[in-house]
Amino acid sequence: MHPSELLLTRSLVGLVPCRHDGQDAVVVAALDDATVLVLDERGLALLAHHARRIDRVMVCDDAKAVQRWLLRRGVDIARPLCVQTVSALVRGEPWAPGDAPALPGSDTALDSARHLVRGLEALLTRLDDSGQKKVARLECLVTRAFAALEHRGLPIDVGLWRRLVAEDKARMLAAKEQVFALAGDHVPRDLFGVADINLDAELEVKALIKRATGVVLESTARQHLAAVGHPLADALIAYREPWKIVSTYGDSFLEHVTDVVVDADGRSMGRIRSTFVPLGASTGRVACREPNLQNLPKDARFHEALRAPAGRVLVTADYAACELRIVAEFAEDPVFLAAFDRGEDLHSTVATSLFGVPVSKSVNPELRHRAKAINFGLVYGMGPGALAASLGVERGTGEELLARYFKTFPRIRDYLDGSVETALRRGYSETALGRRLTFDPAAVRADNARGELSRIMKNMPIQGTSADMTKLAMVRIQETLGQRLKAGLIGDAGLVNTVHDELVVECAAADGDVVGAVVGDEMAEAHRSLLRRVPPSVEVHVGPTWHH
DNA sequence: ACATGCGGCCAC
DNA sequence: AAACGTGGCCGCATGT
């Protein structure tokens with residue numbers, strides 16, 4: 001029997017990857033003992049056998065990094081406990097997981113692993129005091145889903161993506177020529193008459209606009225250029241859009257694509273491997289980098305290139321009006337709740353109540369647009385000035401609209417005011433699951449809850465509850481898909497992306513409907529476990545590409 | 001060579 | 001520029 005075998009039967013062990021005699025290994029540690037397990041064929045089989053059991057908690061320092069490392073070796077931990085994640089929650093500080101675990105020698109790893117297990121009791125006591133046990137449990141479980149998601153990667157048709165970027169590059173160059181043509185003599189030229197201006201430099205663009213039109217810009221942002229009302233300014237706007245695509249989603253983006261192979265349809269299919277940061281945002285939202293898969297262009301052309309390889313499909317699912325449902329639940333507003341109960345379009349219903357005339361997507365659409373702008377902005381603690389700006393109306397009109405809105409929906413106003421009042425009293429804001437954002441007491445006193453702080457206090461419970469829900473859904477989906485796979489009901493399937501209130505799962509084409517149902521059901525169940533009153537609404541699509 | 005801040009802009 | 005919350009990435013400019 002291997003010396004690690006008895007240790008691995010414990011309900012809780014520490015796990016630290018390391019190198020031992022030139023081989024990959026892990027230290028397995030309990031309170032009273034620790035051993036090195038070399039990950040040869042036998043070692044891997046032993047570890048994999050115990051790791052997949054739900055009655056074995058495996059404590060890691062950086063659980064996502066350790067799991068990614070183990071997934072490459074075929075080991076999947078069913079019940080990870082991430083010390084860094086729990087510590088970050090307890091301390092109320094952000095923390096970013098690393099890409100790969102450091103691989104110390106086995107002596108150092110033995111110390112680390114003992115330390116990991118011995119420190120756990122104190123950490124769990126602090127967790128108890130912090131009131132975020134449920135959040136910690138979820139965050140630990142979701143490290144497994146993120147490790148698997150990163151391991152799998154998002155499928156991409158590299159050839160198609162390259163062609164789309166090339167199209168935009170041509171558009172960008174054409175727009176640049178157009179700028180030069182329109183600016184004529186106002187473009188600085190070198191000794192040989194070649195245009196010598198950098199359209200990406202704010203100062204140079206301002207100078208060009210001034211010379212050509214006489215307008216002095218305080219900013220070269222799109223709105224300001226548009227307000228100039230000159231063909232040259234319009235040409236600069238036309239340059240910006242493809243520039244953004246080429247610079248952000250061109251070569252630098254494609255550097256993150258690996259494992260490119262030609263599939264049965266003759267497409268060059270690769271996988272984008274990025275890094276997700278589960279506690280990347282103070283609200284509990286996930287951040288994503290290198291590359292950021294949460295701000296890909298909505299443009300349908302690019303989503304066509306985010307497609308499953310031949311014989312496979314993508315299940316795309318999102319929570320419809322997620323944050324407004326959360327507001328409806330928290331505020332217990334009768335109009336909001338009734339609209340969601342009846343499956344109505346909330347923006348139309350709100351506009352109808354607000355303006356006293358029938359509104360739908362086709363009847364009085366301008367009023368629906370106004371209601372939508374307020375609904376959207378109230379989640380952010382928007383003021384009258386911002387509302388006026390977003391609607392392009394006078395500030396007075398914005399004030400009037402907001403006043404009417406809160407008079408019509410007093411529960412919404414009371415709820416938002418209550419969020420600020422509660423946060424000030426407690427010193428923190430809280431989500432449905434109990435996730436907390438703690439405020440610096442000095443900042444609370446200084447700011448007197450006006451301005452930025454009160455907007456965060458209004459927004460965090462809403463945005464954070466949405467994050468709770470999506471993470472819960474990820475855990476449920478991974479668990480259920482794993483069970484179905486084990487039962488032989490489906491083939492390989494798994495998450496390939498998450499964008500705040502949207503999930504993308506890849507599976508065999510033949511399993512599309514079954515997996516689609518699992519994803520929809522688990523997302524709805526995650527909603528119901530957090531919000532008891534307002535009904536869930538999940539939109540699911542199954543197809544070859546990422547649907548939008 | 002790297003780090004940092006800013007203007008601008010993509011996403012939810 | 002921001003306005004109205006949460007992020008990341010681009011290029012430029014400036015620092016060490």
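Here is how names work: the chains are called A, B, and so on, in the same order as the sequence lines, proteins then strands, and each is numbered from 1.
- Where Val277(A) and His224(A) each meet DNA chain C at their nearest nucleotide, the meeting point lying more 5' is that of His224(A).
- Side-chain rings of Tyr428(A) and Phe439(A) stay apart, their centers remaining 6.0 Å or farther from each other.
- Listed candidates were dA3(C), dG5(C), dG7(C). Nearest to the side chain of Ala287(A) is dG7(C).
- One finds a salt bridge joining Arg271(A) and Glu506(A) here, because a Lys/Arg side-chain nitrogen approaches an Asp/Glu carboxylate oxygen to under 4.0 Å.
- The line from CG of Leu472(A) to CG of Leu433(A) is 7.0 Å long, rounded to the nearest 0.5 Å.
- Taking atom CZ on Phe253(A) and atom C1' on dC9(C), their separation rounds to 12 Å, with Å as the unit.
- One can place CE of Met457(A) at 17 Å from C1' of dC4(C), the figure rounded to the nearest angstrom.
- Rounded to whole angstrom, the span from the CG atom of Leu416(A) across to the P atom of dC4(C) amounts to 14 Å.
- A salt bridge links Glu202(A) and Lys206(A); the closest N-O separation between the charged side-chain nitrogens and carboxylate oxygens is under 4.0 Å.
- Taking atom CG of residue Leu254(A) and atom P of nucleotide dC9(C), one finds them 15 Å apart after rounding to whole Å.
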Quick test: give all pairs of protein nitrogen or oxygen and nucleotides 10-12 of chain B nitrogen or oxygen below 3.5 Å, distance rounded to 0.1 Å.
{"unit_1": "dC10(B)", "atom_1": "O2", "unit_2": "Asn295(A)", "atom_2": "ND2", "d": "2.7"}
{"unit_1": "dA11(B)", "atom_1": "OP1", "unit_2": "Lys298(A)", "atom_2": "N", "d": "2.9"}
{"unit_1": "dC12(B)", "atom_1": "O3'", "unit_2": "Asp501(A)", "atom_2": "OD1", "d": "2.7"}
{"unit_1": "dC12(B)", "atom_1": "O3'", "unit_2": "Asp501(A)", "atom_2": "OD2", "d": "3.3"}
{"unit_1": "dC12(B)", "atom_1": "O2", "unit_2": "Arg285(A)", "atom_2": "NH1", "d": "2.7"}
{"unit_1": "dC12(B)", "atom_1": "O2", "unit_2": "Arg285(A)", "atom_2": "NH2", "d": "3.1"}

For residues 369-386 of chain A, which side-chain N or O atoms pair as donor and acceptor with protein atoms under 3.5 Å away, sequence neighbours left out?
{"unit_1": "Arg370(A)", "atom_1": "NE", "unit_2": "Glu366(A)", "atom_2": "OE2", "d": "3.4"}
{"unit_1": "Asn375(A)", "atom_1": "OD1", "unit_2": "Tyr405(A)", "atom_2": "OH", "d": "2.7"}
{"unit_1": "Asn375(A)", "atom_1": "ND2", "unit_2": "His347(A)", "atom_2": "ND1", "d": "3.0"}
{"unit_1": "Asn375(A)", "atom_1": "ND2", "unit_2": "Ala371(A)", "atom_2": "O", "d": "3.3"}

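- With sequence neighbours excluded, no residue satisfies salt bridge (charged side-chain N to carboxylate O under 4.0 Å, His left out) with Asp99(A).
- The residue Ser390(A) sits close to a base: some heavy atom pair falls under 4.0 Å.
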Pairs: protein N or O with nucleotides 11-13 of chain C N or O, under 3.5 Å:
{"unit_1": "dC12(C)", "atom_1": "OP1", "unit_2": "Asn198(A)", "atom_2": "ND2", "d": "2.6"}

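- Taking 4.0 angstrom as the limit, Thr248(A) places none of its side-chain polar atoms (N or O) nearer than this to OP1 or OP2 of dC9(B).
- Glu323(A) has its CD atom 17 Å from the P atom of dC4(C), to the nearest Å.
- OP1 or OP2 of dG5(C) has not a single side-chain nitrogen or oxygen of Ser454(A) nearer than 4.0 Å.
- Between the CZ atom of Arg395(A) and the C1' atom of dA3(C) there is a distance of 10 Å, rounded to whole Å.
- Looking only at side-chain heavy atoms (C-beta outward), Arg273(A) and Asp259(A) come within less than 4.5 Å of each other.
- Taking atom CD of Glu452(A) as the reference point, atom C1' of dA3(C) lies 13 Å away to the nearest angstrom.
- Salt bridge Glu150(A)/Lys64(A): present, at least one basic N to carboxylate O contact under 4.0 Å.
- When side chains are defined from C-beta on, Phe302(A) does not count as touching Leu160(A), because their heavy atoms never get closer than 4.5 Å.
- Comparing dG5(B) with dC4(C), their C1' atoms sit 23 Å apart, to the nearest whole Å.
- Of the candidates dA3(C), dC9(C), dT6(C), the closest approach to any side-chain atom of Gln223(A) belongs to dA3(C).
- Between the P atom of dG7(B) and the CD1 atom of Ile237(A) lies a distance of 19 Å, rounded to the nearest Å.
- Between dC9(B), dT6(C), dA3(C), one nucleotide has an atom nearer to the side chain of Ala281(A) than all others, and that is dT6(C).
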If you restrict it to nitrogen or oxygen atoms, what contacts under 3.5 Å exist between nucleotides 1-3 of chain B and the protein, and what is each distance?
none

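- Between Phe253(A) and Trp161(A), the distance from one ring center to the other falls under 6.0 angstrom.
- The salt bridge (Lys or Arg N to Asp or Glu O under 4.0 Å) contacts involving residues 240-255 of chain A comprise Arg171(A)-Glu241(A), where partners must be two or more places apart or lie in separate chains.
- Between Arg528(A) and Glu525(A), at least one side-chain nitrogen of the basic residue sits less than 4.0 Å from a carboxylate oxygen of the acidic one, meeting the salt-bridge criterion.
- Salt bridge Glu167(A)/Arg163(A): absent, no basic N to carboxylate O contact under 4.0 Å.
- Nearest-nucleotide positions on DNA chain C place Met382(A) closer to the 5' end than the other of Gly280(A) and Met382(A).
- OP1 or OP2 of dG5(C) sits under 4.0 Å from a side-chain N or O of Arg455(A).
- Heavy atoms of Cys322(A) sit nowhere under 4.0 angstrom from any nucleic acid atom.
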